[in-house]
Structure formats: C-alpha cells, structure tokens
Amino acid sequence: MAAPTWLSDAVLYQIYPQSFADSDGDGIGDLRGIAEHLDYLAWLGVTAVWINPCFVSPMGDAGYDIADYFAVDPRYGDNNDLARLVDQTRAHGIRLLLDLVPGHTSGTHPWFVASANDPRDHRYIWAAPAGGRLPERFVPSPGTRPGGYLPNFFDFQPALNFGYARQKADEPWRQGTDAEGPRANRAALRTIMDHWLGLGVSGFRVDMASSLVKDDPGFAGTARLWREVRAWLDRTHPEAALLSEWGDPALAVPAGFHADFFLQFGGPANGGPLRSLWSTGTATSLKEWGTDPCYFDAGGRGSIGTFLNAYQDAFHTIGEPGHVVLPTANHDFARLRTGPRTPEQLPPAFAFQLTFPTLPAIYYGDEIGMRYVPGLPDTEGSVLAPGYNRSGSRTPMQWDPGLNAGFSAAPAGSLYLPVDPDPDRPTVAGQRADRNSLLHLVKDLIAIRRAHPELGPGGSLEILHDGYPLAYLRGGRFLVIVNPCGRVRVLPHDRPELASATGVKHTGVVVAEAKITASPFSFGIFRL
Ligand code: NOJ
C-alpha cells in the first residue's frame, strides 16, 4: 500500500517540546505552549508536526527513557492536554505525530522493575554471569534477579526483548523472535500505537527502528517485525504514517515504513548522506565541523555526489510507495546554522530542501536561522561523547525580543537550557515583521511547494549540473538553481527553452540564452 496522500504532500516540522514554548512558567516547554503557537505553524504552512517523546520519564535521555507509554509527563501537561492538542492541530490543518520508542524503556518502567525481580520474565534480555562475569555490554541487575540486562542505548535504557535472529547454545539469552517475551512486546507495541492513533494522532516517528531484533544480519528479522506491524496498520489505521529513524530508506521502506529520515550517519554512502550535504563533522563529533567540507560549504569545496547517489539508490529501491525525509537538522545533530555557517548561506539550503523530491522536515527554529549554541551544559544526557554535545541544537525557541526570547516567564537560570546569548539572535517576531527575512522566504518556499505538486516527491527529477551551482528540473516544468558557495558561478547551457523561463522565486540567479549566472549564496526557481 502506498503512503497516505497527506504524507506525500507533507511539509513536516519537528518540535522538541522541552524547548518550544513554556505556558506555565516552569522553564520547560509544554503541550499548551505548543497549542498557543499553532497559528504560527499554520501561517508558516507546515502540514504535520512531529514531537519528541512527551511521556512519563525520569528524563535521563530527554524522554527517550519512557516509564509509562500511556501517560504524558506532568512537566508537559496531561493526557487531556495532548487530546486537545490533537484536535487543535487538526483544526489548524496540521497533523500531529508522536515519537514511538519501541526498542527500550526506562529502568524505572514497571515492566523492567518486575523483570529485574522475577527470573521468569523475558520482556527484557537477561544473561547470567559466566565464570563470575557478565557477557560484554550487559549491565548488572538492579533487582533481586541475578545476572544482568542488555541496554539499547544508554545503560539506563534496557532493551526490550524482540528476540535474536541467531541462536547459540552457549548464549541462552538469545531467544527466538517467537519466544514468549518477544511476542508480548510485539503485542504491547500495537497496544501503544492503537491507543494514540485512537486519540487521533496521525502516526509516529519511530526511534532506533532498526534496533529491535538483535544479531540480525541484513535486518531480516527486524524487517519481518515491522512488516507485520505495517500490515496491521494498513488494516486498522490506513491513514496513519510510520516514519523511521533508520538512516537508510532503501532498507527501512521495504521493511514496512512509509518514510525514513536521511541522517548524519548510515545509508548507502555509509558516511551519512546528510553530513555530506549540509553538515560536517563525524557522527560522533560536532567538534570536527569544518574539517570535511559538505556540499553547502561556503568555499564550494564539497560535492553533492554522495547525497545524490544516496537519494538515487533509495529512490530506485523504494519507488513510489515510500519516501525519503530530508531534515534541516534534528535534536541529535548540528543545526543548519552551525560553526562558520552564516545566515546568508541559509536561503539556498531551504530552496534545495523545499524543491527536492524528498519530504522536507524543518527542525524548530531553523526557519529563522537559530544557531547551534556551543559550550552548553550536559542536560538530560545530551552529551554523548567528548565534543558531541546535543544541547546546542536544543535551546529555547526564539519568539520575540522579550524575556527569555518569549520562550518562558521563568527566571533565566531555571530554563531547561539557556537561550542563545547572542544579542543579535533572530526571533520569529523580528522576522515576521521583515518581508525580506529568512522566515518569510521559508514560508514562501513552502507555499510554492504546496501549490505545485511537481516540486513534491511525485514530480520527476532531472539533474542538469551536479557541481556549483546545482541545476535540476522538476516535473519537466520547474528549473531550480542552487549556489551554496560564496563565489559567482556561471553555468553554460545549450537548452534554449531555459532562457524563456519565468522566475517564481529567486535571489541573484539570472538565466540567459547560453548561460546561467548565480551570485554567491543564491537560488532560483523558474517555470519553463
Ligand atoms: C535516537 C534519539 O533521536 C536520541 O535522541 C536518543 O538519545 C536515542 N535514539 C535513544 O533513544
């Protein structure tokens, strides 16, 4: 079954709920805060919002350590607030997607507490010590149960047991995927999904989607699991969408997902197609920004090849029924505006994102050019390794020039994370008042994309030039030119039909009879 039409037409927006808008003055964003800004999101033109986990959690990993899948964490409000938010988003023409964390729970989840005290329970993966030692990666049991459990990410996130693809006689914790524990967990997964879909949410972003079945060559067991979920979803909630955090659409879509995110890691190019596009640095280090030029490099030292190959590979494998999601950033990696990247470099990036046949996902604040703020404290597990600090991408949304940038009425010292201290930090209010702002540009580009299906995933793509500038045709009807580098670029061409193209939206690109001239950091969308 193909993806629901609303998804194929979607412009996604990701909200990190801690940092979007604080309605009750406790320094942490909440669901009512989101509700208060739906007019803004509708004005911007986004059609679907994905929020990071908002469920009861000890917040060791910013909510990715869930203690109750069925209850909103009190710091965000309550279940009624979520139900209201679903209705309010719909009333604004926006769909709401939640974050599903199937691979692990918090160590405080009652399932785990029970499991840690009952050796007959197999919802988690337990090993007994052999020769006085636990097998590698296993963490000592916090309960009366002897031995240890397998974590999925941080040590305090015990992996739910979905079984192993391969069994070994001397490793009895490798249960088959149809053992009792895995079956119970698969059933629980559906119950959770059914609960929230029943409330009217439109689907899920699925955390660590490839991590469920362990020691799973080629992800065959994990794919079987998700295809089963998808078959159930198609039957029971055909309008719901499943978006995976997998980082390899060519695997994730055949495994049952409607769409998969390109990420800074993974993928056919192995180096992470997103990193090669607009972020540099390795998957584990934001420190290395600038050492490995990406295509959206001001010096024009990068190549779009890695990204295009990853996209073409994915497209040829998944074809019509699935999509690749192209995020500006997310809560785990660098914002578009990180390190040396300046605001003038952002328009061509958005022009590319919103005219490419991938599904665009805008990370909150990127639409005004919020920057990655360096040097912030470790907050709720945001520092993954020396130099890999996610806090900088998680700072409060900058609404206006008022107290705490309009994010919260709390004293500045009690905010979830500090507001960007830069006196020139951009704000929504400032940019709404300025017709030439990035925000207005992003709004216009969204409107153009939504008005012309040829610019969406259904329209054909013909790459005319894959250097600087990048030139491509969409749906045979739109010419797009993107010059992310800081020098004028001239592209000779021999296609007379281009010269008569009319501008739809452009900054500093001139299309003439035999050549296209693109000023520094420019883009152009032209109708043939
Ligand atoms: C991916 C999430 O995006 C990240 O924030 C989290 O820390 C890990 N998965 C673990 O759930």
Side-chain angles (χ1 to χ4, degrees), residues 12-20 29 49-69 73 76 97-109 112 124-125 137 139 149-160 162 185 189 192 204-212 214 222 242-248 252 257 259-267 272 274-275 279 283-286 325-335 361 363-364 366 372 376 378-385 387-395 416-417:
L12 299 154
Y13 188 90
Q14 181 191 345
I15 290 180
Y16 186 69
Q18 292 89 319
S19 298
F20 196 62
V49 164
W50 152 47
I51 60 177
N52 294 91
C54 56
F55 311 108
V56 171
S57 163
M59 303 290 169
D61 183 13
Y64 282 96
D65 44 339
I66 293 176
D68 184 347
Y69 285 96
D73 192 274
Y76 297 124
L97 284 84
L98 297 178
D99 206 315
L100 181 71
V101 187
H104 50 268
T105 64
S106 154
T108 62
H109 194 293
F112 183 71
Y124 298 83
I125 302 168
R137 297 253 305 118
V139 178
Y149 65 89
L150 185 73
N152 210 32
F153 194 69
F154 286 121
D155 280 0
F156 53 78
Q157 289 162 316
L160 282 158
F162 291 95
N185 284 332
L189 194 57
I192 295 163
F204 302 93
R205 174 269 189 186
V206 180
D207 186 68
M208 292 178 69
S210 65
S211 74
L212 301 199
K214 305 301 183 201
T222 301
L242 276 186
L243 276 52
S244 49
E245 187 211 20
W246 192 309
D248 195 343
F257 289 91
D260 182 41
F261 287 84
F262 265 168
L263 297 170
Q264 82 283 29
F265 61 85
L274 215 58
R275 210 172 83 216
S279 158
T284 54
S285 178
L286 288 173
V325 188
L326 174 58
T328 53
N330 76 18
H331 60 291
D332 290 332
F333 55 92
R335 283 186 180 277
Y363 184 53
Y364 82 96
D366 280 351
Y372 172 87
L376 294 181
D378 186 345
T379 302
E380 299 186 344
S382 61
V383 176
L384 286 181
Y388 188 0
N389 183 347
R390 302 180 288 182
S391 292
S393 293
R394 299 177 173 187
T395 57
Y416 176 73
L417 276 168

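For the single chain, residues carry numbers from 1 onward in sequence order. As the structure lists them, so they are numbered: ligands from 1, and atoms in each ligand from 1.
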Peer 1: In ligand 1, which numbered atoms sit nearer than 4.0 Å to a non-hydrogen atom of Met208?
Peer 2: 9 (N), 10 (C)
Peer 1: Can you list the steps and then say if Lys214 with Leu150 is a side-chain contact (heavy atoms from CB on, under 4.5 Å)?
Peer 2: CA-CA 11 Å; Lys214 305 301 183 201; Leu150 185 73; 4.0 Å; yes
Peer 1: Considering heavy atoms of the protein only, find what lies nearest to atom 1 (C) of ligand 1 and give residue, atom and distance to 0.1 Å.
Peer 2: Asp207 OD1, 2.8 Å
Peer 1: Could you tell me which atoms of ligand 1, counted from 1 in the order shown, lie closer than 4.0 angstrom to a heavy atom of His331?
Peer 2: 2 (C), 3 (O), 4 (C), 5 (O)
Peer 1: Within ligand 1, which atoms have a heavy atom of Arg390 less than 4.0 Å away?
Peer 2: 4 (C), 5 (O), 6 (C), 7 (O)
Peer 1: Is Arg390 positioned over the aromatic face of Tyr372, cation under 6.0 angstrom from the ring centre and no more than 45 degrees off axis?
Peer 2: no
Peer 1: Under 3.5 Å, is there a donor on one side chain and an acceptor on the other for His109 and Tyr124?
Peer 2: no
Peer 1: With sequence neighbours excluded, tell me which residues meet side chain to side chain contact (heavy atoms under 4.5 Å, CB included) with Thr395.
Peer 2: Met370, Val373, Leu376
Peer 1: With heavy atoms of His104 as the reference, note each atom of ligand 1 found under 4.0 Å away.
Peer 2: 10 (C), 11 (O)
Peer 1: Give the atom numbers and elements of ligand 1 that come within less than 4.0 Å of a heavy atom of Arg205.
Peer 2: 2 (C), 3 (O)
Peer 1: Between Tyr69 and Thr105, is the side-chain contact (heavy atoms from CB on, under 4.5 Å) condition met? List the steps.
Peer 2: CA-CA 9 Å; Tyr69 285 96; Thr105 64; 3.6 Å; yes
Peer 1: Can you report which non-hydrogen protein atom sits closest to atom 3 (O) of ligand 1, along with the distance?
Peer 2: Asp332 OD2, 2.5 Å
Peer 1: Please lay out, stage by stage, how Leu384 and Phe153 fare under the test side-chain contact (heavy atoms from CB on, under 4.5 Å).
Peer 2: CA-CA 10 Å; Leu384 286 181; Phe153 194 69; 3.9 Å; yes
Peer 1: Are any non-hydrogen side-chain atoms of Phe333 and Leu274 less than 4.5 angstrom apart?
Peer 2: yes
Peer 1: Taking non-hydrogen atoms only, is Glu380 closer than 4.0 angstrom to ligand 1 via side chain, backbone, both or neither?
Peer 2: neither
Peer 1: Do me a favour and list the nearest non-hydrogen protein atom to atom 7 (O) of ligand 1 with residue, atom name and distance?
Peer 2: Asp61 OD2, 2.7 Å
